[in-house]
Participant: 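This structure is in structure tokens; I'll ask about it shortly.
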There are 2 protein chains.
Amino acid sequence: MEKILLVDDEPKIVRLLSAYLVRAGYQIVTAADGLTAIDRFHREHPNLVILDLMLPGLDGLEVCQVIREENDTPIIMLTARVEEDDRILGLELGADDYVTKPFSPREVVARTKAVLRRAHGEAPDVPLEIGQLHLDAVRREVRLDGRLIPLTATEFDLLHTLMRQPGRPFTRLQLLERVQGYAYEGYERTIDTHIKNLRQKLGDPHRQPRYILTVRGVGYKMAER
Amino acid sequence: MEKILLVDDEPKIVRLLSAYLVRAGYQIVTAADGLTAIDRFHREHPNLVILDLMLPGLDGLEVCQVIREENDTPIIMLTARVEEDDRILGLELGADDYVTKPFSPREVVARTKAVLRRAHGEAPDVPLEIGQLHLDAVRREVRLDGRLIPLTATEFDLLHTLMRQPGRPFTRLQLLERVQGYAYEGYERTIDTHIKNLRQKLGDPHRQPRYILTVRGVGYKMAER
DNA sequence: GCTATAATAAACGAATTGTGAATTGATGGA
DNA sequence: TCCATCAATTCACAATTCGTTTATTATAGC
């Protein structure tokens, strides 16, 4: 699980962002001032730092510099509105991304994901192919024998997950998490319905399925070819 | 993140352009006179220089020459004079583009993007064509069945983004980023309204759209032909 | 055959999108 | 400078689609 160091002196913002980030599956460590931030950084070795520009004591820029001198941990800066703060103009942030206040928590989560993906050397969306079943992740299209199969967003994500690791069985819980995000709360058997619909669209009878195989007692898996 | 050196002696213009460029995702370094500009240039190694023609001390042309003698960093000139001479002179001295005052910040951002794209050897602004819909990125014109369709700047950028990769769906967040700049802060569904207006202008009913297709659960995409 | 697990169909409720209208902000001219 | 205009954004509500749940039937494995 990836660890994020969240540095802000406003408890309200820390609470809000923490909630969203935890929901998105990250582990959160917090600090309310610059010195604590650097201490936590050394102790915890976070995968990413979210840093408010204005902090008591050592401010965000200084913390940013200290971190940069040590390693390449990605940094996202939270800044006041650009137009109103001349300090920002011509400033070397040294950050990987920044978000201006007021921001939406969703935006911060989105940028966090993007920055971490970049940092990991994101896996490119290679076209997947199993038998006559082709999936293009960029276009979000699935073709069977060359014919376009219209899928809903959920069905597509489900199939995509299965096709990325053919032969590996996924539990319903894993599939639910993948499809609904980490903050799932629901009935495992929802997946069954999606699988049913997928099989129908793919003309894949459950009796002798060509593509989506049932793993009794576990969940489902993709045929290997 | 790309770094831009912005050289102008009018603080108002520096503030205005900085705000727009930061919003567009660039990192800004500023200078108010020619000598400082050259100093900053050496220190900061910007990816692009935006240069006012008239500067105290060393003027823009001279700064341009100095930079050109050293390397190929792209230069955009800002000029208040309208005479042809200056334009030609500036271009002869090695400026990659020029903008005459009074200019709109949007235009400067647009040219900045274009010049940097060119500098990276990326695809030039080729005319795009889907069915009877033609888009000319250089002239920022869109024609349907040969008739000019007047679009706002945002509508144009949105359509341009979609048309550059027909068949690929874009999320509202991706479109917002593209249209409002990197540091967007806003409501995703603003995009819906722009799409609605675009469809209206293109005579593209949402029920059986010819050009802009809705991808439910994802966003929008351009038809492929 | 018995039991646990999976498949299916149908009904309900939640989420997404389209749209008109109101609001805010920028731009240009008198 | 003030006003008129246009663009961009936000909001509210209706229409639609999709996801989830429930109930029932079918099946696999012991």
Participant: Determine the contact category for B/Arg189: base if any of its heavy atoms lies under 4.0 Å from a base atom, sugar-phosphate if only primed atoms, P, OP1 or OP2 are that close, otherwise nothing.
Facilitator: base
Participant: C/dA14 P sits how many Å from A/Gln180 CD, rounded?
Facilitator: 14 Å
Participant: B/Val215 near the nucleic acid: base, sugar-phosphate alone, or nothing, with a heavy-atom cut-off under 4.0 Å?
Facilitator: sugar-phosphate
Participant: Look up atom OG1 in A/Thr214 and atom CD1 in A/Ile195, then write down how far apart they are to the nearest 0.5 Å.
Facilitator: 8.0 Å
Participant: Can you tell me how far P of C/dA7 sits from CG of A/Asp192, to the nearest Å?
Facilitator: 6 Å
Participant: Within the pair A/His206 and C/dT8, is there a side-chain N or O less than 4.0 Å away from OP1 or OP2?
Facilitator: yes
Participant: Between A/Asp157 and A/Arg140, is the closest basic N to carboxylate O distance under 4.0 Å?
Facilitator: yes
Participant: Donor-acceptor pair under 3.5 Å: do we get one between A/Lys196's side chain and the base of C/dA6?
Facilitator: no
Participant: Measuring to OP1 and OP2 of C/dA7, would you say a side-chain N or O of A/Arg207 lies under 4.0 angstrom away?
Facilitator: no
Participant: Judged by each residue's nearest nucleotide on DNA chain C, which is more toward the 5′ side, A/Val218 or A/Gln200?
Facilitator: A/Val218
Participant: Among D/dT20, C/dG18, D/dA8, which nucleotide sits nearest the side chain of B/Thr154?
Facilitator: D/dA8
Participant: Which atom names give the shortest non-hydrogen contact between B/Val63 and B/Ala37, and what distance separates them?
Facilitator: CG1-CB, 4.3 Å
Participant: Is A/His194 near enough to D/dT20 that one of its side-chain N or O atoms lies under 4.0 angstrom from OP1 or OP2?
Facilitator: yes
Participant: Give one of base, sugar-phosphate or nothing for B/Thr193, where a contact means two heavy atoms less than 4.0 Å apart.
Facilitator: base
Participant: Calculate the interatomic distance between A/Arg172 atom CZ and C/dA6 atom C1'; express it in whole Å.
Facilitator: 7 Å
Participant: Checking only heavy atoms, does the side chain of A/Arg216 share a donor-acceptor pair with the base of C/dT5 at less than 3.5 Å?
Facilitator: yes
Participant: Distance check: side-chain N/O of B/Thr214 vs OP1/OP2 of C/dG18, anything under 4.0 Å?
Facilitator: yes
Participant: Examine C/dG18: is either OP1 or OP2 under 4.0 Å from a nitrogen or oxygen in the side chain of B/Tyr220? Give yes or no.
Facilitator: yes
Participant: Which whole-number value in Å describes the distance from B/Ile212 CD1 to C/dT19 P?
Facilitator: 12 Å
Participant: I need the CZ-C1' distance between B/Phe156 and D/dA8, as an integer number of Å.
Facilitator: 18 Å
Participant: At under 4.0 Å between heavy atoms, what does B/Thr190 touch on the DNA or RNA strands: base, sugar-phosphate, or nothing?
Facilitator: base
